[in-house]
Number of protein chains: 2
Amino acid sequence: MDRRQQKTRDAIFKAFSTLLETKRYGNITVQEIIDEANIGRSTFYAHFDTKDELLRTMCTDIFSHVFSDELMSEKTHDFSGNNNGLETKLTHILYHLKDSEKNIVGILSCDSGELFMKYFKGYLTEMFSKYLNETKVNAPADFVLNHLVGSFAETVRWWIDNRMKYTPEETIRYYIEVTHIA
Amino acid sequence: MDRRQQKTRDAIFKAFSTLLETKRYGNITVQEIIDEANIGRSTFYAHFDTKDELLRTMCTDIFSHVFSDELMSEKTHDFSGNNNGLETKLTHILYHLKDSEKNIVGILSCDSGELFMKYFKGYLTEMFSKYLNETKVNAPADFVLNHLVGSFAETVRWWIDNRMKYTPEETIRYYIEVTHIA
DNA sequence: TATGTTACTGAACATAATGTTCGTCATTAT
DNA sequence: ATAATGACGAACATTATGTTCAGTAACATA
């Protein structure tokens with residue numbers, strides 16, 4: 001990729017992050033992003049068609065790091081034997097989110113949060129569905145899947161909103177405690 | 001309240017609902033609401049300062065029916081004795097949502113859904129917190145509260161998205177099954 | 001170093017939404 | 001009947017959107 005492209009792309013991301021620290025996504029205009037990034041108007045539109053696409057790209061960017069190929073691969077078994085590795089995977093997710101350089105707190109704020117969560121839950125659904133057959137609750141599979149994905153996403157949101165006051169290990173332990181998986 | 005006020009207010013709500021059936025909240029403009037409701041521009045702004053406030057009012061309206069005083073009162077005990085009435089309350093909530101005349105499906109769609117869920121979770125938090133001391137899981141209280149509220153909200157969203165294909169009773173039964181409350 | 005390609009600039013433009021103001025007219029409550 | 005109140009609609013300044021285009025700078029390659 002051309003260095004110039006990379007440069008403006010970074011500038012846009014940076015500006016977007018900066019703006020998200022003080023404003024809600026819905027109230028941020030393309031104009032403000034342009035001004036903050038200090039780029040030409042047409043330049044922005046050369047990169048992204050809409051503000052939503054910018055957010056989507058940013059989310060995809062984050063998730064490409066969070067959900068590595070290894071994480072999405074077949075279920076792994078750790079040394080303990082009777083645990084199916086889901087706990088390890090979930091912990092990894094929190095660690096990656098914690099280390100993400102992007103402004104996750106801002107993205108999670110009110111209206112953009114909905115889109116972030118939507119994409120997030122997409123990945124989670126794919127991941128969780130591999131472990132579904134092992135649960136032995138008396139409820140439809142699609143209900144259980146939605147419940148696991150939804151409550152995990154909510155847990156992560158809560159964890160981030162509360163400035164990650166518990167360690168990833170603790171948090172996942174609590175999650176497993178209340179969902180009774182593994 | 002002046003009948004004229006009530007009339008335009010209804011017209012605005014109706015127009016908003018109609019628009020939500022075909023468009024996402026974020027893409028609906030005040031202009032469209034005005035046109036659809038067939039009212040004067042200044043009239044709209046005499047009622048609501050912003051589009052968000054209109055949505056907020058609509059949500060409050062719905063919730064005032066869903067979360068009745070009786071529902072928010074101290075925990076009640078049904079005839080079975082060992083159940084604390086939470087199941088009954090949750091079932092009531094689904095019934096009220098089902099019977100709501102407002103366009104809940106539209107409100108839940110992508111970007112306005114975030115606000116709806118936020119208000120919804122506010123009420124749920126108040127309600128659930130009364131039952132918290134009865135849970136006996138090894139996790140912090142604020143974590144458990146967030147988990148119950150978040151997963152119930154997600155369950156409701158899923159239920160509505162799936163055209164309420166299960167009865168309120170079934171749905172709540174599943175919810176209790178996976179959360180192990182009551 | 002020369003050359004063709006690619007990307008950013010900046011200004012201009014048409015379109016559309018926002019939020020406010022104000023005089024006029026219709027409906028309301030008493 | 002009348003005074004108060006609310007809706008009307010037009011006009012207005014402001015701002016954002018998304019596109020276009022000619023000019024210029026940075027790039028890769030040979």
Side-chain angles (χ1 to χ4, degrees), chain A residues 1-61 103 106-107 109-112 114-115, chain B residues 1-61 103 106-107 109-112 114-115:
Chain A
M1 188 183 228
D2 198 311
R3 273 180 233 146
R4 291 169 296 178
Q5 280 190 67
Q6 195 58 256
K7 215 171 149 191
T8 46
R9 223 179 159 76
D10 286 347
I12 291 174
F13 281 143
K14 183 108 185 294
F16 192 46
S17 280
T18 305
L19 289 169
L20 276 172
E21 284 170 23
T22 55
K23 302 192 66 169
R24 279 176 34 192
Y25 173 76
N27 296 332
I28 294 175
T29 63
V30 175
Q31 190 60 52
E32 287 172 310
I33 299 173
I34 289 168
D35 293 342
E36 179 70 33
N38 199 30
I39 57 169
R41 177 160 200 74
S42 49
T43 309
F44 177 87
Y45 285 106
H47 283 259
F48 305 100
D49 281 347
T50 63
K51 203 178 59 169
D52 277 8
E53 204 199 309
L54 167 59
L55 177 64
R56 199 182 50 74
T57 306
M58 208 151 156
C59 287
T60 306
D61 216 56
N103 185 1
I107 292 180
S109 79
C110 210
D111 22 59
S112 58
E114 185 72 351
L115 282 167
Chain B
M1 189 183 227
D2 198 311
R3 273 180 231 146
R4 290 169 296 179
Q5 280 191 68
Q6 195 59 257
K7 215 171 148 191
T8 46
R9 223 180 158 76
D10 286 348
I12 291 174
F13 281 143
K14 183 105 186 297
F16 192 45
S17 279
T18 305
L19 288 170
L20 276 172
E21 283 170 22
T22 55
K23 302 192 65 170
R24 278 177 34 191
Y25 173 75
N27 296 332
I28 294 176
T29 64
V30 175
Q31 191 60 51
E32 287 173 309
I33 300 172
I34 289 169
D35 292 343
E36 178 71 31
N38 199 29
I39 57 170
R41 177 161 201 72
S42 50
T43 308
F44 176 87
Y45 285 105
H47 283 260
F48 304 100
D49 281 348
T50 63
K51 205 179 57 170
D52 277 8
E53 203 199 308
L54 166 59
L55 177 63
R56 198 183 51 75
T57 306
M58 207 153 159
C59 287
T60 305
D61 216 56
N103 184 2
I107 293 180
S109 78
C110 209
D111 24 59
S112 58
E114 185 72 352
L115 283 167

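Here is the naming used below: chain letters follow the sequence lines, and residue numbers restart at 1 for every chain. Below, each value reflects all heavy atoms present in this structure, side chains not excepted, and no hydrogens, waters or symmetry copies.
- Closest to the B:Thr29 side chain, of the nucleotides D:dT5, C:dA17, D:dT17, is C:dA17.
- Atom CD1 in B:Ile39 sits about 12 Å away from atom C1' in D:dG6, given to the nearest Å.
- For C:dA7, the OP1/OP2 oxygens have no side-chain nitrogen or oxygen of A:His47 closer than 4.0 Å.
- Atom C1' of nucleotide C:dG10 and atom CZ of A:Phe44 are separated by 17 Å, given to the nearest angstrom.
- One N or O on the side chain of B:Thr57 and one on the backbone of B:Glu53 form a donor-acceptor pair closer than 3.5 Å.
- Each of B:Ile28 and B:Asp2 was assigned the nucleotide of DNA chain C with the nearest heavy atom; the assignment lying further toward the 5' end belongs to B:Ile28.
- Taking the ring axis of B:Phe16 as reference, the NZ or CZ atom of B:Lys51 does not stay both within 45° of it and closer than 6.0 Å to the ring centre.
- Contact annotation: side chain of A:Ser42 to base of C:dG10, donor-acceptor pair present below 3.5 Å.
- Between A:Val30 and A:Tyr45, some side-chain heavy-atom pair lies under the 4.5 Å cut-off.
- Of all nucleotides listed (D:dC27, C:dT9, D:dA7), D:dA7 comes nearest to the side chain of B:Gln5.
- Remark: P of C:dA26 and NZ of B:Lys7 are 14 Å apart, rounded to the nearest angstrom.
- A straight line from CG of B:Asp52 to C1' of C:dT18 spans 14 Å, rounded to a whole angstrom.
- Between B:Arg41 atom CZ and C:dG19 atom P there is a gap of 8 Å when expressed in whole angstrom units.
- Between the CZ atom of A:Arg3 and the P atom of D:dA25 there is a distance of 18 Å, rounded to whole Å.
- Applying the 3.5 Å distance criterion, the base of D:dA26 shares a donor-acceptor pair with the side chain of A:Arg4.
- Remark: P of C:dA7 and OH of A:Tyr45 are 19 Å apart, rounded to the nearest angstrom.
- Between the side chain of B:Tyr25 and the backbone N or O of B:Leu55, no donor-acceptor pair lies under 3.5 Å.
- Rounding to whole angstrom units, CD of residue B:Gln6 and P of D:dT5 are separated by 18 Å.
- Side-chain atoms of B:Glu36 never come within 3.5 Å of backbone atoms of B:Glu32 as a donor-acceptor pair (strictly under, hydrogens ignored).
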